[in-house]
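I have placed the structure first, in the form of structure tokens, so that the comments after it can refer back to it.
All ligand and atom numbering here is 1-based and tracks the order in the structure. None of these values were measured; they are calculated from a predicted model.
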Amino acid sequence: MAGSRLSFSPSVDLKKEKPDEMVTSGVLASLQNFLRKCLIAVLSYGPMPRHIAFIMDGNRRYAKFRSIQQGAGHRVGFSALIANLLYCYEMGVKYITVYAFSIDNFKRDPSEVQSLMQLMEEKINELLENRSVINKVNCKINFWGNLDLLCEPVRVAAQKLMASTAGNTGIVLSVCMPYNSTSEIVNAVNEVCSERREMLQREHAGYGNGHAAKNGAHSEISVADLDQHMYSAGCPDPDIVIRTSGETRLSNFLLWQTTFSHLQNPDPLWPEFSFRHLVWSILQYQRAYPYLEQNRNLAKKQM
Ligand SMILES: CC(C)=CCC/C(C)=C/CC/C(C)=C/COP(=O)(O)OP(=O)(O)O
């Protein structure tokens, strides 16, 4: 990561869809890069988050306020996602998780759902074909959710992107779609139950060699059992959850994983959420850090 130079113009062809602050060139861009690096150096004196989760809210309102088509708001939202991924990488944040499509979003107007799905397909295929962003940050991309609910072209593209980035060791981007937390938890419970059912059936049929007893198939389901079956298995819980546009609900997002997360609801709409907002969020997290740690340690002692 050290010495990598992240500038947003040439290799990422997002020209028509860039948030305003990304449209810079020449001396101004160099100055911006320099100032960004200085700010990151100052920030890194404090505790840095390992994992930031975003509820990318406000794309339609952005389109409405700017009198552009609704779908164009989501396009600028995608550019904001890429910009923030690059900023996070530069700051050394290892995990980014975004709420891209909730299972409830299927209840929206069919034409909006279709246009969102087309955008997902287009952008995922763009990431597959043009590797500049992924290579720059050596990004591993996960999709968390019930992929069976997606139409085939989006599902296939998502699976290809996951497979083609599985070996990358830089920043990890987890895209939640189609996702909600309650179905993630129900899915995990069902997986643990069917795993145990299989073990016990094998045991009864005489093939188990004590496997079921060794693996605790007779004991109660524990938090650790469920942890292993969440989409987030192996990923630390988010340190910060940011819901843009000032909304204060979690809307069924990462309920299992956010017990100790610092929740923030900054005013900007997602397409407007930029470097300075990210810096401010991290500063707020750093200010709350001693209290967050105290809570975490207290909970550990009580367990
Ligand atoms: C490939 C990939 C990861 C693409 C992600 C693109 C993207 C930014 C999706 C956001 C989708 C969404 C429903 C956001 C919520 O804003 P909203 O539409 O509910 O807007 P509102 O809050 O103003 O109503």
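For atom 19 (O) of ligand 1, the closest heavy atom belonging to the protein is Arg108 NH2, 2.6 Å. The protein heavy-atom contact nearest to atom 16 (O) of ligand 1 is Asn59 ND2, 3.0 Å. Of the protein's heavy atoms, Arg60 NE, 2.8 Å lies nearest to atom 24 (O) of ligand 1. Here the protein heavy atom with the shortest distance to atom 5 (C) of ligand 1 is Met120 SD, 4.0 Å. Of the protein's non-hydrogen atoms, Met56 O, 3.2 Å is the one closest to atom 15 (C) of ligand 1. Closest protein heavy atom to atom 18 (O) of ligand 1: His74 NE2, 2.6 Å.
Under the 3.5 Å distance criterion, with hydrogens and angles disregarded, no donor-acceptor pair is assigned to the side chains of Thr248 and Asn265. Defined by atom type and a distance below 3.5 Å, a donor-acceptor pair is present between the side-chain atoms of Thr169 and Asn138.
Residue-ligand proximity, Ala100 to ligand 1, at heavy-atom distances under 4.0 Å covers atoms 9 (C), 10 (C), 11 (C), 12 (C). Each of the following atoms of ligand 1 lies closer than 4.0 Å to a heavy atom of Arg61: 21 (P), 22 (O), 23 (O). Of all atoms in ligand 1, numbered sequentially from 1 with element shown, those under 4.0 Å from a heavy atom of Gly77 are 8 (C). When each atom of ligand 1 is checked for a heavy atom of Asp57 under 4.0 Å away, the hits are 15 (C), 16 (O), 19 (O), 22 (O). Taking every non-hydrogen atom of Asn105 and a distance limit under 4.0 Å, the qualifying atoms of ligand 1 come out as 13 (C).
A salt bridge is defined here as a Lys NZ or Arg NE, NH1 or NH2 lying under 4.0 Å from an Asp or Glu carboxylate O, and Arg155 with Glu152 fails to meet this definition. Under the 4.0 Å criterion applied to side-chain N and carboxylate O atoms, Arg61 and Glu247 are assigned as salt-bridge partners.
Between Phe106 and Phe101, the angle of the ring planes goes over 60°, which puts this pair in the perpendicular group of the 30/60° scheme. Between Tyr285 and Tyr289, the two ring planes are perpendicular [angle over 60°; tilted spans 30° to 60°]. Aromatic ring orientation, Phe273 versus Phe54: perpendicular (interplanar angle above 60°, classes split at 30° and 60°).
At least one heavy atom of Gly58 sits less than 4.0 Å from an atom of ligand 1. Ligand 1 is never approached by Phe101 to a heavy-atom distance shorter than 4.0 Å.
Cluster membership for Val154 and Leu119, using ILVMFWY side-chain heavy atoms within less than 4.5 angstrom, is not shared.
Counting heavy atoms under 4.0 Å from ligand 1, residue Val175 touches it through the side chain alone.
Not a single donor-acceptor pair under 3.5 Å links the side chain of Glu112 to the backbone N or O of Asp109.
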